[in-house]
Amino acid sequence: MAIIVQKYGGTSVGDAERIRRVAARVVETYQTGNQVAVIVSAMGGETDGLVALARELGGAEPLAREYDVLLSTGEQKTIALLAMAIDQLGVPARSFTGIQAGIRTDGDHQRARILEIDSGRIQGVLDAGIVAVIAGFQGHDDDGNITTLGRGGSDTTAVAVAAAIGADVCEIYTDVDGIFTTDPRVVPNARKLERISYDEMIELASLGARVLQTRSARFAMRYKVPLHVRSSFHSETGTWVVSEEEVMERLVVSGVTYNRDEAKIRVPGVKDHPGVAARVFTPLSEAGIVVDMIIQNVSHDGTTDLTFSVAREGYERAMAIAQSAADEIGAAPVEGDTDIAKVSIVGLGMKDHAGVAAKMFQVLADEGINIQLISTSEIKVSVVIAERYTELAVRALHAAFVDDGAAEPTPEV
Ligand code: ADP
Ligand code: ASP
Ligand code: MG
């Protein structure tokens, strides 16, 4: 007997017929003699609809506590419906909201972190031969308030529950066949990967591949939860997310991603002497604004430009803070640009290969795409470009690094 966690995303539970199909798969897994805990998302489009309603009635910044009470209803609907559908197939099932499942988080509404799972109740239900159907994306803080985990958070619920109950596998059922070399909706000939390392998956997710929430991949790595990302529409093997040692082929580039959720801020005319960068970035970090990429130009006449990127969500606030810092240090008026996208390539094999970044820049140059910001790590290179070139850049990079065989396994070094 194995302990299996299955997570079904919004499209997979999008209507009654699909919920019925999910129920059938859960029952099949249960009847082969396994304990099954199921995590579900809200039905496709439901969370977006709730967000729109909150904006309509709650203003530009709806009350954080009530926002989470509202958003959590999407998942609450799905757990009840799926438990009913499983019961109709003759297998006992019980639904649990985040609070009922013992998912304790911090109190940071809309982006709460799971601190601990008191899995006693879920464990008891599983031991009694009942399927546990748990609402993804939600938990409770120490004051008993409902919290939500950020968009895509059901993935993190699934991995955290899997870690808490010692599951043998956490299966993420979604609307694509696994993890691809890039978003298959942008590049139709993207290739499905058999395996990918936790590190690569964390990079891909944080750089925009929304197929998994970044925190879920981090959790999986920390607690060594084997993840299997696969289609909810058929039963073929998907992609295994595993430790680096278990990845057979160390691809130079295993994925190309894009992210349109950033904005760029430029502080021109900054006096080039010690301490000015700190005076710009300290107030930003004190306000909880995460700065992603930074570039400082060569100085002319003793002044320089500081350019950086932030999440588009906090852009207006970041602009205001940067402006007041600029005023204090006597810089010129700040300039903002939301018309940008970040495009990245990720691969373990980059560790053993020189010239990957240079090749990336050449590929973009050949398409006439200007690079505005650059950042690199051991296994990724990211560039910021004008948003209108996003798809062109993703296709060109995929063609150059994946289709052209550069994704061949790196020879042992
Ligand atoms: P779910 O509702 O099941 O959580 P999501 O919409 O959150 O599904 O994530 C699945 C989507 O992620 C796919 O439909 C696909 O368009 C997108 N995606 C982006 N990058 C990738 C990638 N590298 N591999 C697979 N899917 C990707
Ligand atoms: N329903 C939430 C969302 O749409 C959580 C999830 O689907 O993972 O973001
Ligand atoms: Mg998702």
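One-based numbering, in listed order, for ligands and for the atoms of each. Worth saying up front: this structure is predicted, and the values here are computed from it rather than measured.
- Ligand 1 places these atoms under 4.0 Å from at least one heavy atom of V176: 13 (C), 14 (O), 25 (C), 26 (N).
- Side-chain atoms of Q372 and T307, non-hydrogen and from C-beta on, never get closer than 4.5 Å to each other.
- Cation-pi geometry between R222 and F219 is satisfied (NZ or CZ under 6.0 Å from the ring centre, within 45° of the ring normal).
- Looking at atom 25 (C) of ligand 1, its nearest protein heavy atom turns out to be G178 O, 3.3 Å.
- With a 4.5 Å cut-off on side-chain heavy atoms, T97 and Q138 count as touching.
- Nearest protein heavy-atom contact of atom 2 (O) of ligand 1 is G10 N, 3.1 Å.
- In this structure, atom 5 (P) of ligand 1 lies nearest to the protein heavy atom R210 NE, 3.9 Å.
- What you find for T214 and I202 is that their closest heavy atoms are CG2-O, 3.9 Å.
- Looking at G152 next to ligand 2, an N or O pair under 3.5 Å apart turns up.
- Aromatic ring centroids of F308 and F281 lie under 6.0 Å apart.
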(request) Test T105 against H140 for side-chain hydrogen bond (donor to acceptor under 3.5 Å, both in side chains), laying out the working first. (result) CA-CA 6 Å; T105 71; H140 69 92; over 6 Å; no
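- Contact detail for S382 and S344: the closest heavy-atom pair is OG-OG, 2.8 Å.
- Protein heavy atom in closest approach to atom 3 (C) of ligand 2: R151 NE, 3.3 Å.
- At the top of the distance list for atom 7 (O) of ligand 2, counting protein heavy atoms only, stands S41 OG, 3.0 Å.
- When hydrogens are left out, the protein atom nearest atom 24 (N) of ligand 1 is F180 N, 2.9 Å; that is the closest non-hydrogen contact.
- If you check each of I179, V211, I172, V394 against atom 9 (O) of ligand 1, the one with the closest non-hydrogen atom is V211.
- Ranking the protein heavy atoms by distance from atom 4 (O) of ligand 1 puts K7 NZ, 3.1 Å first.
- Contact record, S41 with T78: O-OG1, 2.9 Å, taken as the closest heavy-atom pair.
- Using a 4.5 Å heavy-atom threshold, the side chains of T181 and R191 count as touching.
- Within the structure, the closest approach of P184 to ligand 1 falls below 4.0 Å when heavy atoms are considered.
- At least one heavy atom of G153 sits closer than 4.0 Å to an atom of ligand 2.
- A salt bridge between R312 and E387 is present, with a side-chain N of the basic residue lying under 4.0 Å from a carboxylate O of the acidic one.
- Of all the heavy atoms of E75, the ones lying under 4.0 Å from any atom of ligand 2 belong exclusively to the side chain.
- Between S12 and ligand 1, a contact under 3.5 Å exists for no N or O pair.
- In terms of protein heavy-atom proximity, atom 13 (C) of ligand 1 is nearest to D175 OD1, 3.5 Å.
- Electrostatic pairing of D48 and R151 counts as a salt bridge here, judged by a charged N lying under 4.0 Å from a carboxylate O.
- For ligand 1, the atoms sitting less than 4.0 Å from at least one non-hydrogen atom of T174 are 1 (P), 3 (O), 8 (O), 10 (C), numbered in the order shown with element in parentheses.
- Among D155, V187, D183, T182, the residue whose heavy atom sits closest to atom 18 (N) of ligand 1 is D183.
- For G9, the heavy-atom gap to ligand 2 stays at 4.0 angstrom or more.
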